[in-house]
Amino acid sequence: MRRRDTLGKTPRNWRTIVRLPAFLIVNAALLLVIGISTVRESYRGWSVDHEIHALEAQASTLEGQKIQLDALTKQLGSPDHIDYEARAKLGQKKPGERVVVLEGYETSATWTGQAGQDDTLLDAPTIEPKTNPERWWSYFFQRT
């Protein structure tokens, strides 16, 4: 009977031995799958947070540019600026004014004066432009 008991118990021991590693392998595989999915979701959350911070920084930069553009729009739309541009670029004048526009310079400069105040400017003889060597010669050697 002892052989039967040992023979009878032997298959039960193998079943428990075979079941135990299989159970451990299944649990290890399940733990690995859960761990990988947890790490992947954590990385996705981190990347979304990083992208949100980048977009917030970009939005604040764009807001600053919008404020600057609004200020520039108000400045360009002001009556003083419109008057200045009309005088400088279009040569417009107010009634009773004379406009002298100097051309050939990098920036356009205008001079406006009241009529009758400086009539000598129109009657003055025109001066021929001198070259730089002529200007130096007259500066150092001619006293006028």
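We're numbering straight along the sequence, starting at 1.
- Atom-to-atom distance recorded for Gln65:CD and Leu72:CG is 12.5 Å, nearest 0.5 angstrom.
- Here the straight-line distance linking atom CG of Leu24 with atom CG of Leu31 works out to 11.5 Å at 0.5 Å rounding.
- For the atom pair CD of Glu41 and OG1 of Thr38, the computed distance is 8.5 Å after rounding to the nearest 0.5 Å.
- Between the CD atom in Glu63 and the NZ atom in Lys66 there is a gap of 6.0 Å [rounded to 0.5 Å].
- Hydrophobic clustering, with ILVMFWY side chains joined whenever heavy atoms are under 4.5 angstrom apart, groups Phe141 together with Tyr139.
- Annotation: the span from Glu51 atom CD to Gln58 atom CD amounts to 10.5 Å, rounded to 0.5 Å.
- Between the CD atom of Glu85 and the CD1 atom of Ile82 there is a distance of 9.5 Å, given to the nearest 0.5 Å.
- Nearest heavy-atom pair across Lys130 and Arg135 is O-NE, 3.5 Å.
- The aromatic rings of Trp136 and Phe140 sit parallel to each other, their planes meeting at less than 30°, with 60° as the upper class boundary.
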